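Presented below is the structure to which this report refers.
Here the structure is a predicted model, which is why all the values come from computation and not from measurement. For ligands, and for the atoms within them, numbers begin at 1 and follow the listed sequence.
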Amino acid sequence: MAVLGKDVQYAKTLLTAGKLVAIPTETVYGLAGNALDPQAVATIYEVKNRPTFNPLITHTDSLEKIAAYVESVPPLAEKLADAFWPGALTILLPKMPRLPDTVTAGSDRVAVRVPQHPLTLSLLQQLDFPLAAPSANPFNYISPTTANHVQQQLGNKIDYILDGGACSVGIESTIVGIENNKIVVYRLGGISIEDLERVSPQVLLRKKESEESPTAPGMLKSHYAPSKPLIVGDLVDLIPHYAHTKVGVISFRNTFSQVPEDHQRVLSASGDLNEAAQRLFSVLRQLDQLPVGVILAELVPNRGLGRAINDRLIRASA
Ligand code: TXA
Ligand code: MG
């Protein structure tokens with residue numbers, strides 16, 4: 001099993017030797033390797049069991065460092081970096097050839113992010129290479145938001161998990177590109193559309209694409225899924241409909257008297273969408289581990305981080 005700890009020096013030693021280390025970020029835990037080392041990058045795909053057409057995000061501690069790996073940084077990207085980095089925003093920028101093609105799965109754009117977590121920022125500051133890191137879950141499962149989540153699923157495949165506690169945002173970063181001087185959102189996430197609109201008023205939402213299309217692999221349909229079937233709808237109708245089955249219930253604010261309390265999870269009793277996002281993935285994992293046949297969930301208000309929560313719920317139910 002992997003060792004859990006807060007030893008940034010040890011993480012640095014492993015990464016420098018081409019090994020993988022799970023790292024905490026404010027969004028979800030990442031499975032990190034040296035982005036400049038094709039062998040380390042290949043190991044990331046292997047450990048995650050991830051198809052090689054699905055590219056990885058490259059992490060550094062500053063826009064200045066990222067500038068060494070991209071051809072140019074458009075003014076709007078710089079504004080976004082100023083506004084949100086370190087933070088839950090990933091920006092697609094034109095890639096330099098020195099980054100291995102496997103990091104971007106052959107795309108001429110690389111996804112870059114400066115994550116907001118003291119341990120990981122300190123690690124990135126000490127490295128002379130950027131870290132390629134997808135979420136530290138096996139392909140198609142729910143992203144990990146604690147070190148233990150990583151341990152449970154990848155613990156036998158990596159040596160070390162940098163333990164930074166529970167992720168404060170709890171949902172993956174928002175991925176944007178800059179096209180015709182406008183922000184195009186490829187994946188909803190920890191930075192809301194409303195936040196982006198404060199930087200540039202016109203924000204376009206890239207339509208979901210089918211599994212066959214490699215142009216926006218972030219939109220693969222059956223991402224983030226628990227192993228139990230997840231049904232999303234109106235709980236007032238769904239709960240009586242599944243009365244003959246043991247169900248787990250994920251609600252936004254309220255509990256339901258027909259379902260045993262320990263089979264229910266409320267995302268935020270006070271109706272706080274940030275708290276709901278923070279809890280979503282761990283709640284999905286908890287219910288997935290209960291002896292229930294099906295998980296029922298309701299959508300949350302479609303604003304702020306609610307949009308990203310609903311996106312994940314709908315995809316997990318696909
Ligand atoms: O919050 C996050 O973004 C976390 C933490 C660890 O940073 N990372 C994460 O990585 O969620 P991952 O690999 O699970 O999801 C990244 C998504 C993938 O769906 C991938 O298709 C998309 O980003 N992506 C990466 N590079 C891309 C590129 N060059 N063009 C288009 N999409 C890209
Ligand atoms: Mg992922």
### Query
Which atoms of ligand 1 have any heavy atom of Ile175 under 4.0 Å away?
17 (C), 22 (C), 23 (O)
### Message
With nothing but distance in play, are any N or O atoms of Ser173 less than 3.5 Å from an N or O of ligand 1?
### Response
yes
### Query
Where the side chain of Asp37 meets the backbone of Ala40, is there a donor-acceptor pair that is under 3.5 Å apart?
yes
### Task
Using a cut-off of 6.0 Å, state whether more than 12 heavy atoms not belonging to Asn180 lie near its atom CG.
no
## Note on the structure
The atoms of ligand 1 lying under 4.0 Å from a heavy atom of Pro134, numbered in the order shown, are 10 (O), 12 (P), 13 (O)
### Query
Between Lys48 and ligand 1, is there a nitrogen or oxygen pair with a distance under 3.5 Å?
no
### Atom indices of ligand 1 within 4.0 angstrom of Ala111 heavy atoms, with elements
25 (C), 26 (N), 27 (C), 29 (N)
### Task
Could you list the atoms of ligand 1 found under 4.0 angstrom from a heavy atom of Asn54?
18 (C), 19 (O), 20 (C), 21 (O)
### Numbered atoms and elements of ligand 1 in range of Thr27, under 4.0 angstrom, heavy atoms
1 (O), 2 (C), 4 (C), 5 (C)
### Task
Give a yes or no on whether Ser143 keeps an N, O or S atom under 2.8 Å from the Mg ion (ligand 2).
no
#### Entry: Lys157 side chain vs Met1 backbone, donor-acceptor pair below 3.5 Å
no
### Query
Do any N or O atoms from the side chain of Arg265 and from the backbone of Asp262 form a donor-acceptor pair under 3.5 angstrom?
yes
#### Entry: Neighbour count above 12 (heavy atom, 6.0 Å) for Lys228 NZ
yes
### Query
In terms of heavy-atom contacts, does NZ of Lys6 have more than 12 from other residues, nucleotides or ligands at under 6.0 Å?
yes
### Query
Between Ser135 and Asn137, is there a donor-acceptor pair closer than 3.5 Å when you use the side chain of the first and the backbone of the second?
no
### Query
Any nitrogen or oxygen of Arg50, main chain or side chain, under 3.5 Å from a nitrogen or oxygen of ligand 1?
yes
### Message
Strictly distance-based, threshold 3.5 Å: is any side-chain N or O of Glu26 a donor or acceptor partner for the main-chain N or O of Ala88?
### Response
yes
Pairs under 3.5 angstrom only: tabulate donor-acceptor contacts from the side chains of residues 247-261 to other protein residues two or more places apart or in another chain.
residue, atom, partner, partner atom, Å
Ser251, OG, Asn254, O, 2.6
Arg253, NE, Ala269, O, 3.3
Arg253, NH2, Ala269, O, 3.3
Arg253, NH2, Ser270, O, 3.4

### Summary
Restricting to heavy atoms, the pick from His117, Arg206, Arg187, Glu172 nearest atom 16 (C) of ligand 1 would be Arg187
### Summary
To atom 4 (C) of ligand 1, the nearest of Thr90, Ile23, Val28 on a heavy-atom basis is Val28
#### Entry: Which of the ligand 1 atoms, numbered from 1, are nearer than 4.0 Å to a heavy atom of Ile57
3 (O), 8 (N), 9 (C), 10 (O), 16 (C)
### Query
Considering only heavy atoms of Ser135, which atoms of ligand 1 have at least one such atom less than 4.0 Å away?
8 (N), 9 (C), 10 (O), 12 (P), 13 (O), 14 (O)
### Task
Report the part of Lys95 in contact with ligand 1, treating N, CA, C, O as backbone and CB onward as side chain, heavy atoms under 4.0 Å; options are side chain, backbone, both, neither.
neither
